[in-house]
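The sequence lines fix the lettering, A, B, ..., with proteins before strands; numbering per chain opens at 1.
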Amino acid sequence: MSTETAPIAANFLRTIVEEDLKSGKHQTIVTRFPPEPNGYLHIGHAKSICINFGLARDFGGRCHLRFDDTNPVKEEMEYIESIKESVTWLGFDWGKHLYYASDYFEQLYQWAEFLIQQGKAYVEELTADEIRAHRGTLTEAGRESPWRNRPVEENLELFRRMRAGEFPDGARVLRAKIDMASPNINLRDPVLYRILHAPHPHVGDAWKIYPMYDFAHGQSDAIEGITHSICTLEFEDHKPLYEWFLDNLPVPARPRQYEFARLNLTYTVMSKRKLHELVTSRTVSGWDDPRMPTLMGIRRRGYTPEAVRAFCELIGVGRSDSWIDMSIMEECVRSDLNERAPRAMAVLRPLKVVITNYPEGQVEQFEAANHPQRPEMGSRMVSFSREIYIEEDDFMEEPPKGFFRLAPGVEVRLRYAYIVRCTGVVKDANGNVVEMHCEYDPASRGGSAADGRKIKGTIHWVSTSHCVDTEVRLFDRLFNDPNPDRGGADYRQFLNPRSVEVLPAAKLEASLAGADPESRFQFERQGYFHSDPVDSTPGKPVFNRIVTLKDTWTKK
RNA sequence: UGGGGCGUCGCCAAGCGGUAAGGCACCGGAUUUUGAUUCCGGCAUUCCCAGGUUCGAUCCCUGGCGCCCCAGCCA
């Protein structure tokens with residue numbers, strides 16, 4: 001009993017794999033992550049990556065990275081590179097198993113000829129519109145094409161001429177001969193090949209015809225010996241076709257397709273089209289904007305790969321449409337970073353404080369723990385002086401009940417330093433508080449009162465002459481509605497106008513000046529922050545807020 | 001009113017005929033020099049609805065209801 005390892009969360013896919021291994025159906029399992037290189041990966045892909053690579057990892061199998069590159073007009077090398085980088089960043093390794101559907105184009109072509117020879121495929125000369133008209137509707141059967149029963153030899157010759165580039169785009173198409181009356185529209189003589197005089201990002205201009213997804217995917221799985229071909233629910237209707245090819249072609253293996261529900265996340269959009277629009281309309285700064293649900297954006301925001309993986313594990317795998325609340329993902333970074341991020345003090349919206357009874361010119365050093373629960377993470381010294389900055393929010397002239405930060409006459413502890421009492425404020429012509437005066441208790445060095453009196457509030461601070469000035473960006477959700485896609489309304493009307501707030505002059509404790517790019521800290525009492533890898537400069541890191549700390553005070 | 005899928009706590013999600021796991025959220029309370037963390041405790045007499053089979057049904061049957069997907073020479 002006690003030797004049992006922590007149970008891996010059960011889900012139907014793991015159950016299937018477990019049974020296939022136990023029954024001996026498979027000696028080892030092989031999965032694959034098959035992105036089309038026509039865009040950047042997003043958090044929804046992360047779920048699929050974690051499922052596929054995770055299954056392989058947990059059951060001692062392997063997972064291939066295979067680019068589903070059958071449509072050269074939409075695909076680009078840049079995406080291929082970016083996808084590889086994102087998968088690696090997430091922490092997965094395909095080893096030597098990097099493949100391209102385009103690597104199988106010759107085999108696929110041979111199989112297409114095989115189908116023609118078997119009388120199971122034909123060259124179509126109807127236009128795209130005519131094909132659509134013949135396809136019928138959801139409730140009416142389709143009609144057979146006049147070209148459906150042309151002789152094998154004619155089909156073969158025409159298909160070879162298609163390959164040779166003798167026809168313009170769209171002039172002809174190769175179709176499977178299945179069943180125009182099938183209630184499953186995918187079986188109504190699906191298109192297998194189309195003519196595309198377009199260069200391919202991986203195989204160049206070797207081909208003038210390209211296979212459709214349906215004709216490429218299952219066969220690629222078979223070629224690679226994929227045992228469990230896992231995709232999202234919308235492909236379930238394609239499964240009979242997937243199996244039809246496997247049944248009618250001399251493929252070397254028999255993969256099986258399984259489907260799961262794709263990830264939906266609240267307060268964001270996931271479709272490639274909308275993500276693209278956000279970028280091109282300059283609504284966001286780019287694909288790696290820290291507000292984007294892309295893996296590049298999430299990374300730049302400061303999420304750790306561990307947090308993203310934990311999130312994918314936590315949400316589970318099922319077949320019912322699900323909407324995961326964004327707060328779940330936020331909680332995943334918090335719990336990861338709570339363990340590992342060093343703490344530091346940073347004043348985001350500074351209010352100057354003069355400690356009137358503190359000797360002018362005096363500077364003291366206080367030791368501050370890098371992590372209160374993990375002494376092995378060490379400590380650093382912070383400088384204290386007569387003039388400091390505190391957070392604007394930590395002072396209220398007329399505090400509400402239950403406020404235990406600074407207010408006139410009230411005492412508070414400056415973390416790691418002294419207990420101070422507010423003795424007055426300085427206001428500008430408009431009545432805004434521009435400076436505050438305090439007196440400190442010299443007997444409270446380190447923050448503990450000599451007489452043992454309880455101090456309810458502790459606030460963070462930074463010495464005005466020992467801090468670094470820098471930019472900090474406060475990110476929030478991109479949309480202010482849980483489902484911006486709802487009801488066909490224009491999702492852009494739900495854009496959160498305050499999804500980013502730039503604070504040009506935040507004050508960081510001096511130790512932060514040397515922060516490496518892409519390092520993460522907890523700014524005490526505020527949240528977790530990440531030094532931006534693009535905009536930081538030596539000595540002046542720029543910080544992105546990853547997520548706030550939980551806050552049971554402002555919530556009230 | 002063609003085909004496919006789904007419906008278990010606010011959000012996910014186990015469960016596979018034997019009397020409702022877990023996580024997140026939420027609500028209490030304890031500790032706390034981060035109103036954080038941590039820690040304890042609470043949180044579905046009930047599984048979309050209605051019938052039926054059974055000693056017994058969230059799990060089987062029948063009939064409803066609701067939601068999602070499919071008519072690209074996209075994937």
Side-chain angles (χ1 to χ4, degrees), chain A residues 7 9-12 15 34-36 38 68-71 73-75 124 126-128 131-133 135-142 169-175 181-188 190-196 209-210 212-214 216-217 231-240 259 261 266 272 313-325 327-332 334-335 338-339 343 345 368-369 371-373 402-405 413-417 419 444 446-448 455-460 522-527 548-556:
Chain A
N11 67 52
F12 77 100
T15 303
E36 181 190 13
N38 69 344
D68 225 333
D69 54 352
T70 56
N71 186 3
V73 315
K74 289 186 176 177
E75 298 156 8
E124 172 66 274
L126 256 24
T127 64
I131 289 176
R132 189 177 311 119
R135 188 149 33 221
T137 68
L138 295 178
T139 53
E140 301 163 65
D169 288 3
R172 284 172 177 71
V173 103
L174 184 72
R175 290 230 255 172
S182 173
N184 182 340
I185 290 181
N186 294 115
L187 262 19
R188 320 240 263 231
V191 172
L192 269 31
Y193 271 90
R194 74 287 217 187
I195 299 168
L196 250 28
I209 57 172
Y210 291 93
M212 299 290 289
Y213 162 84
D214 287 307
H217 202 89
C231 60
T232 45
L233 250 20
E234 63 269 30
F235 289 98
E236 185 151 36
D237 287 342
H238 293 244
K239 184 146 63 177
E259 313 82 16
T266 57
K272 279 180 182 168
E313 195 59 46
L314 190 65
I315 59 178
V317 183
R319 287 175 61 87
S320 51
D321 291 328
S322 58
W323 279 89
I324 305 295
D325 201 281
S327 66
I328 303 285
M329 191 158 99
E330 293 168 345
E331 194 47 35
C332 285
R334 282 194 194 101
S335 81
N338 175 50
E339 296 293 319
R343 308 286 107 147
M345 291 197 286
H371 190 122
Q373 283 79 38
F403 184 80
F404 45 85
R405 280 111 94 155
R413 171 167 38 237
L414 296 176
R415 174 142 242 228
Y416 297 121
I419 293 167
S444 65
S448 307
I455 302 297
K456 187 76 171 158
T458 299
I459 64 174
H460 58 96
Q522 183 198 94
F523 289 175
E524 292 206 27
R525 303 209 304 134
Q526 315 209 77
T548 62
L549 247 34
K550 272 194 221 166
D551 181 357
T552 48
W553 166 246
T554 55
K555 220 165 67 177
K556 284 178 187 171

What integer number of Å spans the [atom1] atoms of [N] and [M]?
| N | M | atom1 | result |
| --- | --- | --- | --- |
| B:rU37 | B:rA20 | P | 33 Å |
| B:rU46 | B:rU19 | C1' | 11 Å |
| B:rC65 | B:rU58 | P | 23 Å |
| B:rC24 | B:rC59 | C1' | 26 Å |
| B:rC69 | B:rC60 | P | 26 Å |
| B:rU34 | B:rC48 | C1' | 46 Å |
| B:rU53 | B:rG42 | C1' | 39 Å |
| B:rG28 | B:rA21 | C1' | 24 Å |

Go through [options] for me and flag the one nearest to the [X] side chain.
| X | options | value |
| --- | --- | --- |
| A:T552 | B:rA36, B:rA14, B:rG7 | B:rA36 |
| A:Q373 | B:rU37, B:rG5, B:rG35 | B:rU37 |
| A:L314 | B:rG23, B:rG35, B:rC24 | B:rG23 |
| A:S322 | B:rG5, B:rG35, B:rA13 | B:rA13 |

- Look at the side chain of A:R334 and the backbone N and O of A:T548, then say whether any donor-acceptor pair between them is shorter than 3.5 Å.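 Pair found, side chain donor or acceptor close to backbone of A:T548.
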
Determine yes or no for a side-chain-to-main-chain donor-acceptor pair under 3.5 angstrom, with A:T232 supplying the side chain and A:E234 the backbone.
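Judged by distance alone, no pair lies under 3.5 Å.
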
Starting from [atom2] on [N], measure out to [atom1] on [X] and report it in whole angstrom.
| X | N | atom1 | atom2 | value |
| --- | --- | --- | --- | --- |
| A:R319 | B:rC69 | CZ | P | 15 Å |
| A:R334 | B:rA36 | CZ | P | 12 Å |
| A:F12 | B:rG5 | CZ | P | 13 Å |
| A:I324 | B:rG23 | CD1 | P | 16 Å |
| A:H460 | B:rU32 | NE2 | P | 22 Å |
| A:I328 | B:rA25 | CD1 | P | 7 Å |
| A:K550 | B:rU34 | NZ | P | 16 Å |
| A:M329 | B:rA25 | CE | P | 15 Å |

Once you apply a heavy-atom cut-off of 4.0 Å, does [X] come out as touching a base, just sugar-phosphate, or nothing?
| X | result |
| --- | --- |
| A:R405 | base |
| A:R415 | base |
| A:V73 | nothing |
| A:S448 | base |
| A:G142 | nothing |
| A:F403 | base |
| A:Y210 | nothing |

**Study point:** A:F235 and A:Y213 aromatic ring geometry - parallel, tilted or perpendicular at 30°/60° bounds
**Key:**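 Tilted: the ring planes of A:Y213 and A:F235 meet at 30° to 60°.
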
Are any non-hydrogen side-chain atoms of [X] and [Y] less than 4.5 angstrom apart?
| X | Y | result |
| --- | --- | --- |
| A:P190 | A:D214 | no |
| A:H460 | A:Q526 | yes |
| A:I185 | A:D237 | no |
| A:M329 | A:I324 | no |

> Does A:I459 or A:G318 map to a spot on RNA chain B nearer the 5' end, using the closest nucleotide for each?
Replying inline: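 By nearest-heavy-atom nucleotide position, the 5'-most residue is A:G318.
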
message: Assuming nearest nucleotide by heavy-atom distance, tell me which of A:Q522 and A:L233 is located more 5' along RNA chain B.
response: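 Closest to the 5' end, via its nearest nucleotide, is A:L233.
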
Practice problem: Name the orientation of the base relative to the sugar in B:rG72: syn if the glycosidic angle is within 90° of 0, else anti. | Solution: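 Syn, since the glycosidic angle lies within 90° of 0.
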
Minimum heavy-atom distance between [X] and [Y], given as atom pair plus value:
| X | Y | value |
| --- | --- | --- |
| A:S320 | A:A261 | O-CB, 3.4 Å |
| A:T70 | A:E75 | N-OE2, 3.5 Å |
| A:K272 | A:E36 | NZ-O, 4.0 Å |
| A:I455 | A:R413 | O-NH2, 3.3 Å |
| A:F12 | A:R319 | CZ-CG, 3.8 Å |

Considering Watson-Crick and G-U wobble pairs with both distances under 3.5 Å, what does [N] pair with?
| N | result |
| --- | --- |
| B:rC60 | B:rG52 |
| B:rC6 | B:rG66 |
| B:rC16 | none |
| B:rA36 | none |

Counting primed atoms, P, OP1 and OP2 as sugar-phosphate and everything else as base, the B/S/- map of nucleotides 70-75 of chain B against protein heavy atoms under 4.0 Å is BBSBSB

(message) Counting only side-chain nitrogens and oxygens, does A:S320 get under 4.0 Å of the OP1 or OP2 atom of B:rG5?
(response)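 False: A:S320 side-chain N/O out of range (4.0 Å or more) of B:rG5 OP1/OP2.
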
Check whether any side-chain nitrogen or oxygen of A:R343 sits under 4.0 Å from OP1 or OP2 of B:rU34, and answer yes or no.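 A:R343 to B:rU34 OP1/OP2: no side-chain N or O under 4.0 Å.
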
Discussion item. My understanding is that only one of A:I195, A:T127, A:V191 makes a side chain to side chain contact (heavy atoms under 4.5 Å, CB included) with A:V173; could you say which?
Written reply: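 The residue from A:I195, A:T127, A:V191 that satisfies side chain to side chain contact (heavy atoms under 4.5 Å, CB included) with A:V173 turns out to be A:V191.
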
Enumerate all atom pairs, one protein N or O and one N or O from nucleotides 28-30 of chain B, separated by less than 3.5 Å.
none

